[in-house]
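For reference, the structure is listed below as structure tokens.
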Amino acid sequence: DNQNRDQWGSKIGLILAMAGNAVGLGNFWRFPYIAATNGGGAFMIPYFFALIVIGLPTMLVEWTIGRYGGAHGHGTVGPMVYIQAKKAISPKKAIILGSVCGAIGFGVTVLVNSYYTHIIGWSLGYAVNSLTGGYVGVDSGAFFVNYVTDPKNLIFWIIGLASLGWAVMKGVSEGIEAWAKVMMPAIYVFGIILAVRAVTLGAPVNPDWSSMKGLNFVWNPDLSQLTSASIVTATGQIFFTLSLGMGIICNYASYLQPDEDIVTASVATVALNEFAEVILAGTSVIPISYAFLGPEGIKGSIGLAFMALPNVFTTMAGGRIFGAVWFFLLFFAGFTSAIAMYNYLVALLEEELGVQRKKGALLIFVLYLIVGAPIAAEGIITGEANLIYFTEVDNWIGNYLLIVLGLLEVITLAWLVRDDGLVEMNKGGLWHVPKWFYKLFHQFLTPICIIVFLGIFTRDYWIAGNFKITPSYINGIEYMAPWVNAARLVVVVVLIIGFIQTHRAIKRK
Ligand code: PHE
Ligand code: NA
């Protein structure tokens, strides 16, 4: 039943599309501020641990269930998990498991875009402002507040969304793959230009803040900074950056030939993503910010990419060009990842509800306008850039939803399907995942570590009082509470819709 499914056009196109899926705002916007906030080098220890013990094994699982699902006519994670699970457990239980997975896949690909597409829009807007000198000589914090509170700037968001819709409409090989072939090489070239600029920057502001010291901050761990919160955050970042726990890797893998080498391809995807994150972002964004902001100033927030870096570009020689290079890089990175989420939902409409691709792309465009509305509104209504709704949605996704879906996928393959899961993974592979690896990681360390980390996070969050109706981190700023609660309500509603929809789709098949 996979006769009419679209397929990747070429091997290099497939790898670039997968890398495009993984390499995103997570690498260049999320990683630098998260690493800096969690102690720099001290963060890198749990980060690499999570990469090897959780990230790589989960990546292999997603390719495996994705390729198998595609061969059986499925492009979404709910039915994919269902057809694996029903090999081992009763159809009733398998439907529940599949529906929970489908609910999270749907939930994340909808919810991430309540903010992700806005950052894509900001990147485009900031790229234009870099070229025209729009933020030169303006305090970059004030510029950012003005930017997000001015409704005119929503035009960049809409241009971004429309371009995404147009690309997805063209299909897998002619749309997604074609864009990835142009944008991915550009991302690496731009990243290298910025990294070279960063290490040759010296100490322009304070003799103690050289960019080399900034590099040292990332690579020289100060173990006193290592906390249980940073361990959990590192795991969340690994899921986010590798696009795991949302179904979009499974979806891309569903367009593979049945004997495509997925072992090599998943390792290549992880390597390309980590090069962009640790080497390029770690050697450009962090040292540049450090050189201009110092060790305290770099502990930025969500705004590091937009508030700290423009400051840097206005004072740097050739700043307009470097600014444009940086923001176009962000735009391309975000675009090639958002395409994957967009395509997931279009595939869902196509395969589970019988909506044709063109119409589906249009419907998702409208859906993304709706789910993105609260963030547009928060800036405009409050006149501030606290982005509370945004932060709340990102917290639940990054710390819970992705991790829970990843856990369920690993459990399905490694604990339910067991040894046949490894056979399926190795089918067509140039080299094979050894049995000891599957036993040690997939069947033991990976799921156990995820469960332990989920427990730690829940405990920390509970102790911090963040489960309360007015969470502690609001610090008595009253108008923020409704935005937090609105975000939570939307998360719950989207998950329920996803569950019901997936449940019906699986039953119908
Ligand atoms: N992995 C991508 C990134 O690093 C994109 C992504 C993140 C996609 C979260 C979906 C959800 O930005
Ligand atoms: Na990434």
Side-chain angles (χ1 to χ4, degrees), residues 15-35 47 50-51 54-56 58-59 62 76-77 104-120 122-123 160 164 168 176 180 183-184 187-188 191 233-253 266 268-282 285 302 305 329-345 347 364 368 371-372 390 393-406 491 494:
I15 297 289
L16 288 176
M18 275 289 192
N21 179 335
V23 176
L25 298 167
N27 303 54
F28 296 101
W29 154 77
R30 200 174 191 271
F31 171 77
Y33 88 77
I34 285 202
Y47 178 87
L51 175 67
I54 297 175
L56 182 63
T58 309
M59 180 66 84
E62 292 213 353
T76 54
V77 73
I104 301 180
F106 174 78
V108 171
T109 48
V110 171
L111 293 166
V112 165
N113 288 293
S114 55
Y115 62 86
Y116 208 85
T117 60
H118 280 293
I119 313 180
I120 293 172
W122 301 346
S123 305
L164 283 169
V168 170
I176 300 174
M183 287 184 168
M184 289 314 290
I187 289 173
Y188 286 96
T233 309
T235 308
Q237 174 61 18
I238 286 298
F239 272 93
F240 193 99
T241 192
L242 294 176
S243 298
L244 298 173
M246 51 195 73
I248 61 181
I249 297 284
C250 304
N251 173 254
Y252 271 24
S266 1
T269 306
V270 171
L272 284 167
N273 183 71
E274 291 313 305
F275 179 77
E277 181 147 309
V278 175
I279 307 295
L280 295 182
V285 185
I302 284 175
L329 178 156
L330 266 191
F331 176 71
F332 290 168
F335 193 87
T336 49
S337 295
I339 273 189
M341 295 185 263
Y342 204 125
N343 189 68
Y344 183 88
L345 291 169
I364 299 305
Y368 279 175
V371 296
F390 178 136
V393 174
D394 184 58
N395 265 337
W396 291 104
I397 292 171
N399 295 324
Y400 267 116
L401 297 183
L402 304 184
I403 302 183
V404 170
L405 178 53
V491 171
V494 171

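For reference, positions follow the sequence shown, starting with 1. Since this is a predicted model, take the numbers as computed values, not measurements. For ligands, and for the atoms within them, numbers begin at 1 and follow the listed sequence.
Shortest contact from atom 10 (C) of ligand 1 to any protein heavy atom: Met246 SD, 2.9 Å. For atom 2 (C) of ligand 1, the closest non-hydrogen atom of the protein is Ala22 O, 3.0 Å. Nearest protein heavy-atom contact of atom 5 (C) of ligand 1 is Tyr116 OH, 3.3 Å.
Of the polar atoms of Asn27, at least one N or O is found under 3.5 Å from an N or O of ligand 1, judged by distance alone. Residue contacts with ligand 1: Leu25 is placed with a nitrogen or oxygen under 3.5 Å of a nitrogen or oxygen of the ligand (distance criterion only). Here's the thing with Met341: none of its N/O atoms is less than 3.5 angstrom from an N/O atom of ligand 1.
Relative to atom 7 (C) of ligand 1, the option among Phe28, Phe239, Phe240 with the closest non-hydrogen atom is Phe240.
No donor-acceptor contact under 3.5 angstrom links the side chains of Glu62 and Tyr252, judged on distance only. Residues Tyr344 and Asn251 bring no donor and acceptor atom of their side chains to less than 3.5 Å of each other.
Looking at every heavy atom in both residues, Gly55 comes nearest to Leu242 through CA-CD1, 3.9 Å.
With the Na ion (ligand 2) as the vertex, atom OG1 of Thr241 and atom OD1 of Asn273 span an angle of 90° (nearest 10 degrees). The Na ion (ligand 2) forms the vertex of an angle spanning O of Ala22 and OD1 of Asn27; to the nearest 10 degrees it equals 110°.
The distance from the Na ion (ligand 2) to the nearest N/O/S atom of Ser243 is not under 3.0 Å. Using a cut-off of 3.0 Å, one finds that Leu25 contributes no N/O/S atom close to the Na ion (ligand 2). Among the backbone and side-chain atoms of Ser337, no N/O/S atom is found under 3.0 Å from the Na ion (ligand 2).
At a heavy-atom distance under 4.0 Å, only backbone atoms of Asn21 (N, CA, C or O) approach ligand 1.
Although no hydrogens or angles enter the test, the distance criterion places a donor-acceptor pair under 3.5 Å between the side chain of Tyr188 and the main chain of Leu272. Without hydrogens or angle criteria, Ser337 side chain to Val23 main chain gives a donor-acceptor distance under 3.5 Å. Side-chain N or O atoms of Thr109 include one that pairs as donor or acceptor with a backbone N or O of Gly105 at under 3.5 Å. A donor-acceptor pair under 3.5 Å links the side-chain atoms of Asn27 to the main chain of Asn273, judged by distance alone.
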